Amino acid sequence: MERLLVEVHGTVQGVGFRPYVYSLATALGLRGFAQNRGAHLFIDVEGEPDALRAFVQTVAAKPPTHAVVDEVTSCPVSPAGWQIFSIAASQDTQTDVQVSPDLATCEACLRELFDPADRRYRYPFITCSQCGPRYTIVTGVPYDRPNTTMRAFVMCEECRCEYEDPADRRFHAQPIACPTCGPVLKFQRAGRATVDGAEALDLAARALLAGEIVAVKGLGGYHLACDATDGAAVGRLRKRKGRDAKPFAVMARSAFARLPEALSALASPAAPIVLVERHALRLPVAETVAPDCPTLGVMRPYTPLHHLLLDATSRPLVMTSGNISDEPIACDDTDAWRRLGSIADAFLFHDRPIQSRCDDSVVRIVAGAATPLRRSRGYAPAPLQLAEEAPSPVLAVGGHLKNTFCIHAGKHVWMSAHIGDLSSAAAYVSLGESIARAATFLHVTPEVLAHDLHPGYLSTRLAEHYPVDRRIAVQHHHAHVLSCAAEHGLTGPVLGVVFDGSGLGSDGSIWGGEFLLADGPGFRRLAHLSCVPLAGGEAAVREPWRVAAAHLVAARHERMLEALERRIGRSRFRPVRRIVEGLVAAPRTSSVGRLFDAVASIAGVRDVAAFEGQAAMQLEAIASAGRRYEFAVNRSGMPWTIDPTPLVGAVAEDTLAGVDTGAISGGFHDALATVVADVAAGLADMAGVRHVALTGGVFQNARLTTAAVDALSRRGVVPLVHRRVPCNDGGLALGQAVAAARVLRHEQLREEQTACA
Ligand code: ZN
Ligand code: ZN
Ligand code: FE
C-alpha cells in the first residue's frame, strides 16, 4: 500500500474534474479525497502501487474533455488509512486562479431538453458539469456556487441530490437548476406586464416570426435577434442599430457548411461565430444580412434558450450584439432596457445575472485551420501557457480598436474578453473596470505596464494613469510579431511580416507593411513597403480613393488619375491631389492595408468604404485566377524597400483596358504573396532565422495567407500563422506583454552581469 499527494494544475475547475477523479479512483479501488485548492486540484490518494501509477497516468494523459492540464505533480507520503474516496469542500489558497470559459450546451443536456419524460424538459437553463455558463457568472474564487450569480437560487431537494452525488453527471455543476428552483424565463414589451416561463418563449417566437426585433439575454450579454430570412426585419434592425453595412451574424441549428474545418470550429465547445464563404453555405438568409460580403458569420445555438428559440421558429435568426454601433454589448438588465429599448420591440430575458460581459468570439478558417479574429466567449479567460516568463507581473493594455488587455504573470498570460473600440466612452470605462476585476480574480497586482507607442490611443492614456512605477512603450508592429511568436512558443529571433492598417512607427511615420527582425528585447526594421503621403487620417480609411490617388501619383499614371478625378469630382479630388503630390505636408505611410484600399479603388471595386477593411474584404471575395503583376524590391542598403509602382501601373492599365476585376484582384494577391516569400526568405537567410511570422490584420485575408504560407514553405522557411490569438489588434496585448517581460529579463541579466564583474 502506498499514498500519493497529487496536484493537478491548469484549467481544472468547472470542467467536471472532481467527479471524473472520483469515478477513476473508485474504479481502481483507491481511497482518499479530491479538493479544489485555489486554482488547482489537490488529490490525496492511497492504494495498490500499480493502481496508483495507472491513476496518475490517466489523470495526466486523459483528463475530462474541457480540462487543460498544464502540470501534474505527485509526492509519496506515509499511508493515512483512508476508508473511502470522497470530495472535500474547496479551499481558497488565494493563488493563481483559473476559471473555465463558458461552454456550449452538451449533447446529454440537449437530449434531456427535448425529452418529454425528463424533469428538465424544455427548461431553458439546463446545464451539467460539462456545459453551461462559467466565466460569465463567476463573482469570486474558487469556482463554487456561492461565488457565482447562481447563489441567489436555493437548490431544491432533487437538484441537491444530483449536485452531491459523485456518480451523477451534475455532481458539483455550480449552475445546476431546474424548473422548481432555478432561473425563470421572462418576456416583456414596453409598458406591458411580464410573462413567465413557456409562454414567454412562445411569445418571443411569435414576435420573431412576425418580423419583430427581440432583445435576447444570452451568456455574456444581450443579442438583438430577428428572422434572418425576412429582409424587411433585417433592414429595420440595421436602421435602428445605426449599422449600415457591417455584416450580421446568424444563428442556425443544422449543418450549413460543406467545409470540414468550419464544421469542427462550429461544433467546438466554444461555439464561436465562424466566417464561412457564401458558396460553401446552404443557408437561406436575406441579402441585407451581409450586403456585398463574401462571407457569412454563422454560429450554432450555444445555450438551451437558443436551442428552444430556434426550435420554435424553425429558421435562422440574426443574432447581433446588443449595442448601438461600437459600444460594449449590454449585459446588465437595467442597462439593456435603457440602451436597447429604442431598438427592440420586446425583451426575452431571465433572472440569472451576468457578472462579466463577454461578446461572441469570431474565427475564420485560414490556411487549413481555424484562426481567431475575435477571442472572447468560450476562450476567455483560459490562460495561454508561454515558453518565457515575466520576472514581475505585467499588465498590457492593448491597442485602440478591437481592444483586449492581458495580464502576464510567471509563464501564464490571461487575455481579456473583447473590449472593443475605445473611442466610445463606455468601452473606455469597461476597459478600466475589467482590468480591476481581472487583477482581483487572479490575485495579481501588476507592477509593470506595457502600452502602445501611440500617445493618442486611449489605452495609452489609461496606462498613464494606472498606478505602477514602470511603464514600457512597445512599438505596434513589434508587438504583433511577438504575439505570433509567443503563441507558437518561440523565444529566439523571429522574422515578422506585419501587414495591417496602421500603427505608429519608431521613426514617427505610419507603418503597416513591415518586415521586422524581433530578437531579445528589441527589433530591427529590415524591409518595408515604400511610403506614400496619407491624405487625411480617418478620411483616408473611409475613402480608399485618397490612397489610390497617392499610389497613382507615385506610379505616375496620369490617365488613371484623370479617370479617378472624373469619378470623384474635381472639387474633392484637387485638394487631395496636392497633398499626395507632396505640395502640402502630410504623414507618410507604408501600410499594406491602405494598399489594398488603393488597388480596390483603382480597379473600380470601391471608392468609399463603410468600415475599415471593407474594400479589402471585397477584393478578396472577387479574386479569381489572376493576372501576373510584380513589385520592385530595392535591396541596396537597409532597410530594403518594396516598391508597388510597377504593380499599381499594371493594375491601372488593365482596368482601363477592361480586364475582369476578379483577375486583377487575383493577380494582386498572388504578387503580394510572392513578394512576401521572396523578401522574407532573403532576409531570413541573411539574419540566419528559420521562422517567419505572418501577422497584422491584413492576414485575416485567407487567400493571401494561404498563398504566402505555400510560397514561404517552398522557399524552405517555416511560416507561422496565428491560431490562438487574433492577428489583428485583438492580439496586440499579448505581444506587448511579452516585449515588456523581455525588457525586464534583459535588465535583470545586465544587473547580474554587472554584479559579477
Ligand atoms: Zn451538459
Ligand atoms: Zn431544482
Ligand atoms: Fe495593428
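Order of appearance sets the numbers: ligands from 1, and atoms from 1 within every ligand. What you are looking at is a predicted structure, and each value in this text was computed from that prediction instead of being measured.
Heavy-atom neighbours of E464 CD from other residues, nucleotides or ligands within 6.0 Å: above the threshold of 12.
Considering the Fe ion (ligand 3) as centre, the angle to OD1 of D729 and to NE2 of H476 is 90° (10° rounding). Our summary of the site lists the angle at the Zn ion (ligand 1) between SG of C106 and SG of C131 as 120°, to the nearest 10 degrees. If you put the vertex on the Zn ion (ligand 1), SG of C109 and SG of C128 sit 110° apart, to the nearest 10°. The SG atom of C159 and the SG atom of C181 subtend an angle of 110° at the Zn ion (ligand 2), given to the nearest 10 degrees.
Taking the six-membered ring for Trp and thresholds of 30 and 60 degrees, H454 and Y457 have nearly parallel ring planes, at less than 30 degrees apart.
Closest approach between the Fe ion (ligand 3) and any N/O/S atom of D500 involves OD2.
Paired with T695 under the rule side chain to side chain donor-acceptor pair (under 3.5 Å), one option of H477, H722, E514 passes, and it is H722.
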Which is it for R18 and H172 under the side-chain hydrogen bond (donor to acceptor under 3.5 Å, both in side chains) test, yes or no, and what are the steps along the way? CA-CA 8 Å; R18 287 173 299 172; H172 279 231; 3.1 Å; yes
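In this model, no donor atom of one side chain and acceptor atom of the other lie less than 3.5 Å apart for Q355 and Y135.
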